[in-house]
Amino acid sequence: MNKTITGFSKLSKSEKIDWLVDTYFKNTASAKSLLKQYWNEDKKLQQLHDEFIENTISNYYLPLGVAPNFLINDTVYAIPMAIEESSVVAAASKAAKFWLDRGGFKTNVISTEKIGQVHFIFKGEPSKLKQFFKATKPKLIEASKSLTQNMEKRGGGILDIQLKDKTEDIDQYYQLHATFETLDAMGANFINSCLEQFAKTLKEEALDYDLFSLEEQNIQVIMSILSNYVPNCLVRAEVSCKVEELTENSNRSSQEFAEKFVQAVNIAEIEPYRAVTHNKGIMNGIDAVVLATGNDFRAVEAGVHAYASRNGQYSSLTHAKIEDGIFTFWMEIPLALGTVGGLTKLHPLVKWALELLGEPSAKELMQIVAVAGLAQNFAALRSLTTTGIQEGHMKMHLMNILNQFEATSEEKIILVKHFTTHTVTYSAAMEAINDLRK
């Protein structure tokens with residue numbers, strides 16, 4: 001069967017679904033029914049979701065959970081988390097409760113600078129380009145006034161534009177490297193619009209620059225785009241307490257726990273194979289809040305992992321130490337987030353999540369998100385260095401396994417009780433449910 005199609009985007013939603021199920025599915029009625037099962041009954045709300053992206057055929061659900069009891073800078077938050085992975089919300093909640101009685105989380109925003117670049121080819125004398133840029137820089141900023149005036153009224157805008165010579169890496173390659181302050185907006189559209197204006201002005205001014213030869217006047221702009229690497233848009237999150245306050249288990253030495261915990265972090269600092277999994281756990285917490293608040297988790301992921309490699313080797317984002325009897329666990333992380341624009345004013349659950357957080361500014365959201373990541377990492381390392389990760393994780397995963405076997409409510413009650421004293425594995429759960437059904 002021919003599985004290609006022309007004009008798919010022009011089909012109605014129903015026509016798209018008809019073509020998909022007829023072309024790719026054996027049971028067309030079942031495939032179509034499943035898609036419609038996830039449609040919202042409120043037609044206006046469904047249309048809103050349909051228009052978020054192109055070629056929409058249904059909604060894809062993720063659970064939205066809440067981790068309460070987060071004390072951040074003396075304010076208590078319940079943090080919304082959208083994620084599919086078992087034990088993430090539970091682990092974050094447990095860490096929040098642990099630190100609630102030990103002073104909570106302390107955070108501060110270090111910087112909020114964002115970056116965009118115009119990448120171009122210049123075939124000529126570098127010294128002449130530098131002289132041209134010096135003369136043209138004010139014109140680049142002036143030509144962008146119509147784009148920046150509203151942002152400037154609120155205290156943001158273009159911070160600086162630099163000319164960067166990258167000819168050692170690629171022949172005749174240069175950049176306009178621009179920095180921005182976008183306040184409560186993530187700022188992607190604002191930055192990209194400014195960059196495209198810079199590129200236009202750059203080319204126009206070059207054509208009129210008398211010191212350039214004809215070849216030099218023909219600047220070739222390759223692309224103009226923001227960077228998701230934001231090493232100067234940083235937030236710090238930290239917890240600390242006396243070492244003796246670290247343990248909740250009287251059978252476990254708090255000093256031994258603290259030392260083992262610090263060693264686990266040290267390993268992630270020098271061993272990339274461990275660091276990737278270590279940082280993935282941090283991102284479990286960060287991505288869940290970023291997604292719940294309508295921000296771009298893919299941009300955050302890319303920027304964070306680049307930052308983890310900034311010194312030439314991929315390393316842990318978190319750090320820990322014991323000094324003068326005080327245990328300290330902290331993280332500095334780049335987070336470019338927004339609380340206005342994008343989905344923040346469109347998606348009803350995003351609006352709900354931001355209201356739950358007290359309508360935070362972008363800086364406040366940076367701090368909340370960083371704390372979620374630090375809490376998640378604390379919970380994971382605490383499990384790894386004590387009971388092991390599988391004990392808690394697999395018990396949370398048990399319900400997913402039981403749902404795979406379509407366990408009834410009565411069966412779930414019996415089996416959850418059974419596994420309070422037995423190790424949870426897929427095969428053990430399968431054996432237990434088969435025995436129960438016999």
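For the numbers below, each heavy atom of this structure counts, side chains included, while hydrogens, waters and symmetry mates do not.
- The shortest distance between side-chain heavy atoms of Glu245 and Phe327 does not fall below 4.5 Å.
- The CG atom of Asp296 sits 10.0 Å away from the CG atom of Leu343 when rounded to the nearest 0.5 Å.
- For Lys321 against Glu323, the heavy-atom pair with the smallest separation is NZ-OE1, 3.8 Å.
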Test side chain to side chain contact (heavy atoms under 4.5 Å, CB included) applied to Lys203 and Phe120, step by step: CA-CA 10 Å; Lys203 292 181 70 175; Phe120 66 95; over 6 Å; no
Salt bridge (Lys or Arg N to Asp or Glu O under 4.0 Å) between Glu85 and Lys280, worked out: CA-CA 12 Å; Glu85 185 171 334; Lys280 184 269 180 184; 2.8 Å; yes
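- Residues Phe212 and Asn218 form no side-chain contact, since every pair of their non-hydrogen atoms from C-beta on lies 4.5 Å or further apart.
- For the pair Val235/Val369, no side-chain contact is recorded, criterion being any heavy-atom separation below 4.5 Å from C-beta on.
- For Arg310 (side chain) and Tyr307 (main-chain N/O), a donor-acceptor pair under 3.5 Å exists by modelled atom type.
- At a cut-off of 3.5 Å, with distance as the only test, a side-chain donor of Thr107 or Asn73 sits close to an acceptor on the other residue.
- Distance alone, capped at 3.5 Å, places no donor-acceptor pair between the Thr23 side chain and the Leu20 backbone.
- Under the 30°/60° scheme for interplanar angles, the aromatic rings of Tyr173 and His119 are found to lie parallel.
- In terms of modelled atom types and a separation under 3.5 Å, the side chain of Glu332 and the main chain of Leu234 share no donor-acceptor contact.
- Across all their heavy atoms, Met186 and Lys114 have their closest contact at O-NZ, 3.2 Å.
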Pair Ile219-Phe132, side chain to side chain contact (heavy atoms under 4.5 Å, CB included): steps then yes or no: CA-CA 12 Å; Ile219 288 177; Phe132 164 71; 4.2 Å; yes
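- Without hydrogens or angle criteria, Thr148 side chain to Met151 main chain gives no donor-acceptor distance under 3.5 Å.
- Side chain of Lys164 to main chain of His177: no donor-acceptor pair is present (N/O by atom type, distance under 3.5 Å, no hydrogens or angles).
- For the pair Ile191 and Thr182, the minimum side-chain heavy-atom distance is below 4.5 Å.
- Pro334 approaches Val304 most closely through the heavy-atom pair O-CG2, 3.6 Å.
- For Ala264 against Thr385, the heavy-atom pair with the smallest separation is CB-CG2, 3.9 Å.
- The closest side-chain heavy-atom distance from Phe122 to Thr167 is not below 4.5 Å.
- Sparse packing is recorded around OH of Tyr38, with 12 or fewer heavy atoms of other residues, nucleotides or ligands lying under 6.0 Å away.
- With a 6.0 Å radius and a threshold of 12 heavy atoms from other residues, nucleotides or ligands, Gln47 has its CD atom at or below the threshold.
- Aromatic ring pairs are classed by plane angle as parallel below 30°, tilted from 30° to 60° and perpendicular above 60°; the pair Phe378 and Phe329 is tilted.
- With hydrogens and angles disregarded, no donor-acceptor distance shorter than 3.5 Å links the side chain of Asn69 to the backbone of Ser93.
- Under the side-chain hydrogen bond (donor to acceptor under 3.5 Å, both in side chains) rule, Asn377 has a single partner from Asn279, Asn284, Thr318, which is Thr318.
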Working for side chain to side chain donor-acceptor pair (under 3.5 Å), residues Glu181 and Thr112: CA-CA 7 Å; Glu181 171 58 64; Thr112 57; 2.4 Å; yes
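- The heavy-atom pair separating Gly116 from Phe180 by the smallest distance is N-CE1, 4.0 Å.
- Residue Leu291 holds its CG atom at 6.0 Å from CG of Leu62, rounded to the nearest 0.5 Å.
- The minimum heavy-atom distance linking Lys3 with Trp19 is given by the pair O-CH2, 3.5 Å.
- If you take CG on Leu140 and CD1 on Ile161, they are separated by 5.0 Å, rounding to the nearest 0.5 Å.
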Audit row: Gln131, Tyr209, side chain to side chain contact (heavy atoms under 4.5 Å, CB included) steps and yes/no: CA-CA 10 Å; Gln131 189 176 348; Tyr209 193 60; 3.5 Å; yes
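- Here the side chain of Gln46 pairs a donor or acceptor atom with the backbone of Asn40 at under 3.5 angstrom.
- Residues passing the side-chain hydrogen bond (donor to acceptor under 3.5 Å, both in side chains) test with Ser33, sequence neighbours excluded: none.
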Below 3.5 Å, can you tabulate the donor-acceptor pairs from side chains in residues 193-202 to any protein atom, sequence neighbours excluded?
from, atom 1, to, atom 2, distance (Å)
Ser193, OG, Asn189, O, 2.9
Gln197, NE2, Thr201, OG1, 3.0
Thr201, OG1, Gln197, O, 3.0

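- Counted within 6.0 Å of CD on Glu355, heavy atoms from surrounding residues, nucleotides or ligands total 12 or fewer; the atom is thus considered open.
- No more than 12 heavy atoms of other residues, nucleotides or ligands lie within 6.0 Å of CD in Glu168, so this atom counts as exposed by the packing criterion.
- Ser12 places a side-chain N or O within 3.5 Å of a backbone atom of Glu15 that can act as its donor or acceptor partner.
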Could you list the donor-acceptor pairs under 3.5 angstrom formed by side chains in residues 269-276, with sequence neighbours left out?
from, atom 1, to, atom 2, distance (Å)
Glu269, OE2, His319, ND1, 2.6
Glu271, OE2, Tyr273, N, 2.9

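- Expressed to the nearest 0.5 Å, how far OG of Ser30 lies from CG of Leu35 amounts to 9.5 Å.
- Between the side chain of Thr56 and the main chain of Asp50, a donor-acceptor pair closer than 3.5 Å is present.
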Criterion side chain to side chain contact (heavy atoms under 4.5 Å, CB included) on Tyr77 and Leu357, from CA distance to verdict: CA-CA 6 Å; Tyr77 293 88; Leu357 293 173; 4.1 Å; yes
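- The shortest side-chain heavy-atom distance between Pro63 and Val89 does not fall under the 4.5 Å cut-off.
- How far CG of Asn192 is from CG of Leu147: 11.5 Å, rounded to the nearest 0.5 Å.
- A donor-acceptor pair is defined here as one N or O able to donate and one able to accept, closer than 3.5 Å; such a pair exists between the side chain of Asp42 and the backbone of Lys44.
- Contact annotation: the side chain of His49 approaches that of Pro348 to within less than 4.5 Å [non-hydrogen atoms, C-beta and beyond].
- A tilted orientation is assigned to the rings of Phe70 and Phe105, their planes being inclined by 30° to 60°.
- Enclosure of atom OH in Tyr60 is not indicated, since only 12 or fewer non-hydrogen atoms of other residues, nucleotides or ligands lie within 6.0 angstrom.
- Side-chain contact check for Thr339 and Glu359: no donor-acceptor pair (N or O, by modelled atom type) lies under 3.5 Å.
- Of the inter-residue distances, the one linking Gln37 atom CD with Tyr61 atom OH reads 9.0 Å to the nearest 0.5 angstrom.
- A cation-pi arrangement is found for Arg102 relative to Phe98, the charged atom lying closer than 6.0 Å to the ring centre and inside a 45° cone about the ring normal.
- With no hydrogens or angles considered, a side-chain donor-acceptor pair links Glu259 and Gln255 at under 3.5 Å.
- Ring pair Tyr174/Phe133: centre-to-centre distance not below 6.0 Å.
- A salt bridge between Lys137 and Asp160 is present, with a side-chain N of the basic residue lying under 4.0 Å from a carboxylate O of the acidic one.
- Relative to the six-membered ring of Trp330, Lys106 misses at least one condition, a distance below 6.0 Å or an angle of at most 45° to the axis.
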